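Bear in mind the structure is a predicted one, so any value in this text is a computation, not a measurement. In what follows, every heavy atom counts, from backbone to side chain, and hydrogens, waters and symmetry copies are set aside. Each chain gets a letter, A, B and so on, in the order its sequence line appears, and its residues count up from 1.
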Amino acid sequence: MAQARARRLGRAFYERSSLVVAPELLNKVIVAGRCRGRIVEVEAYKGAEDPASHAYRGRTARNAVMFGPPGHLYVYFTYGMHHCANVVTGAAGVAEAVLLRAVEPLAGLDEMRARRPAARRDRDLANGPGKLCAAFGLDRDDDGVDLVRGPVRIVDDGVAPPNTPASSPRIGITKAVDRPWRWYVGDS
DNA sequence: ACCGGGATGTTCT
DNA sequence: GAACATCCCGGTG
């Protein structure tokens with residue numbers, strides 16, 4: 001079926017609370033080079049009010065991008081092996097971000113398979129925060145890239161977010177585990 | 001299918 | 001020195 005032309009999200013989209021931006025990122029498309037994927041799972045983190053956030057105890061070298069202007073990528077390295085990618089939201093100086101937890105591959109699957117040899121099925125290429133960074137080739141070099149003007153981008157291709165996205169507590173954290181700040185596309 | 005443990009190195013206490 | 005916004009493999013049922 002015909003699809004509206006993809007349009008890059010503007011700065012204003014990101015300059016809002018992570019709790020608002022997170023569910024709206026569902027069904028948007030992340031693009032890096034030839035690779036494209038539909039965002040199907042996200043989590044919100046809110047610096048000062050959120051003990052689970054990297055920014056909770058203030059600015060450090062690692063989390064500096066979270067304190068910068070919205071619409072940039074915050075990429076960090078963890079567990080000695082994996083990278084995770086976040087979309088920085090909120091005004092400059094407000095350390096909020098949305099973790100990209102899962103993406104459904106749309107294009108560039110050959111590149112993704114080459115970078116994710118452990119994935120047995122295509123659906124396993126990017127269904128996790130570390131996996132999607134590997135599949136799309138995101139690493140520390142992408143920390144701070146501008147999603148509005150830079151090489152990695154997030155676009156709206158005409159597929160609306162779910163009207164009532166499924167939500168649940170966040171995953172893989174040990175603090176503030178009760179907050180239902182994870183959203184996902186139900187049938188994915 | 002589900003569960004348990006090990007890998008691996010940066011960051012912060 | 002501990003914790004970590006994770007992933008993979010090999011066990012068992």
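Interatomic distance, A/F13 CZ to A/R8 CZ, rounded to the nearest 0.5 Å: 14.0 Å. Between A/L106 atom CG and A/E104 atom CD the span is 6.0 Å, to the nearest 0.5 Å.
You'll find the side chain of A/K28 stays beyond 4.5 Å of the side chain of A/R38, heavy atoms only.
Rounded to whole Å, atom C1' of C/dA5 lies 15 Å from atom CG of A/L73. Remark: C1' of C/dA5 and CG of A/L99 are 5 Å apart, rounded to the nearest angstrom. In this structure, the CZ atom of A/F77 is 14 Å from the P atom of B/dC12, given to the nearest Å. One interatomic measurement links the two molecules: OH of A/Y56 to P of C/dC4, which rounds to 14 Å at whole-angstrom precision. What separates NE2 of A/H83 from P of B/dT8 is a distance of 15 Å, to the nearest Å. Rounded to whole Å, atom C1' of C/dA5 lies 8 Å from atom CZ of A/R170. Separating the CG atom of A/L132 from the P atom of C/dA5 is a distance of 16 Å, rounded to the nearest angstrom. Between the CD1 atom of A/I171 and the P atom of C/dC4 there is a distance of 16 Å, given to the nearest Å.
Ranking B/dC12, C/dC7, C/dA5 by closeness to the A/T60 side chain, first place goes to B/dC12. Distance from the side chain of A/P129 is smallest for C/dC7 among the nucleotides C/dC4, B/dA7, C/dC7. Closest contact between the side chain of A/H54 and the listed nucleotides B/dT13, C/dA5, B/dT10 involves C/dA5. Closest to the side chain of A/M81, from the set C/dC4, C/dT6, B/dT8, is B/dT8. For A/R57, the side-chain atoms get nearest to B/dT13 when compared with the rest of C/dT6, B/dT13, C/dC8. Here the nucleotide nearest the side chain of A/R62, chosen from B/dT10, C/dC4, B/dC12, is B/dC12.
Across every strand in view, B/dC2 sits in a pair with C/dG11 that passes the Watson-Crick or G-U test at under 3.5 angstrom. Base-pair partner of B/dT8: not found among the strands shown (Watson-Crick or G-U wobble, both distances under 3.5 Å).
With DNA chain C read from its 5' end, the first of the two nearest nucleotides for A/G172 and A/R116 is the one closest to A/G172.
Using a 4.0 Å heavy-atom cutoff across all strands shown, A/A118 reaches sugar-phosphate atoms only and no base atom. Across all strands shown, A/R140 has heavy atoms under 4.0 Å from sugar-phosphate atoms exclusively, and none from any base.
Sparse packing is recorded around CZ of A/R57, with 12 or fewer heavy atoms of other residues, nucleotides or ligands lying under 6.0 Å away.
The side-chain ring of A/Y76 is not stacked on the base of C/dA5, judged by centre separation under 5.5 angstrom and plane angle under 30 degrees.
Phosphate contact (OP1/OP2 of C/dC4, side-chain N/O of A/T174, threshold under 4.0 Å): present.
Partner A/V152 forms a side-chain contact (heavy atoms from CB on, under 4.5 Å) with one of A/V75, A/L138, A/V31 and no other, that one being A/L138.
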Derivation and outcome, ring-ring contact (aromatic ring centres under 6.0 Å, His included), residues A/Y76 and A/H54
CA-CA 10 Å; A/Y76 66 91; A/H54 286 172; 4.5 Å; yes

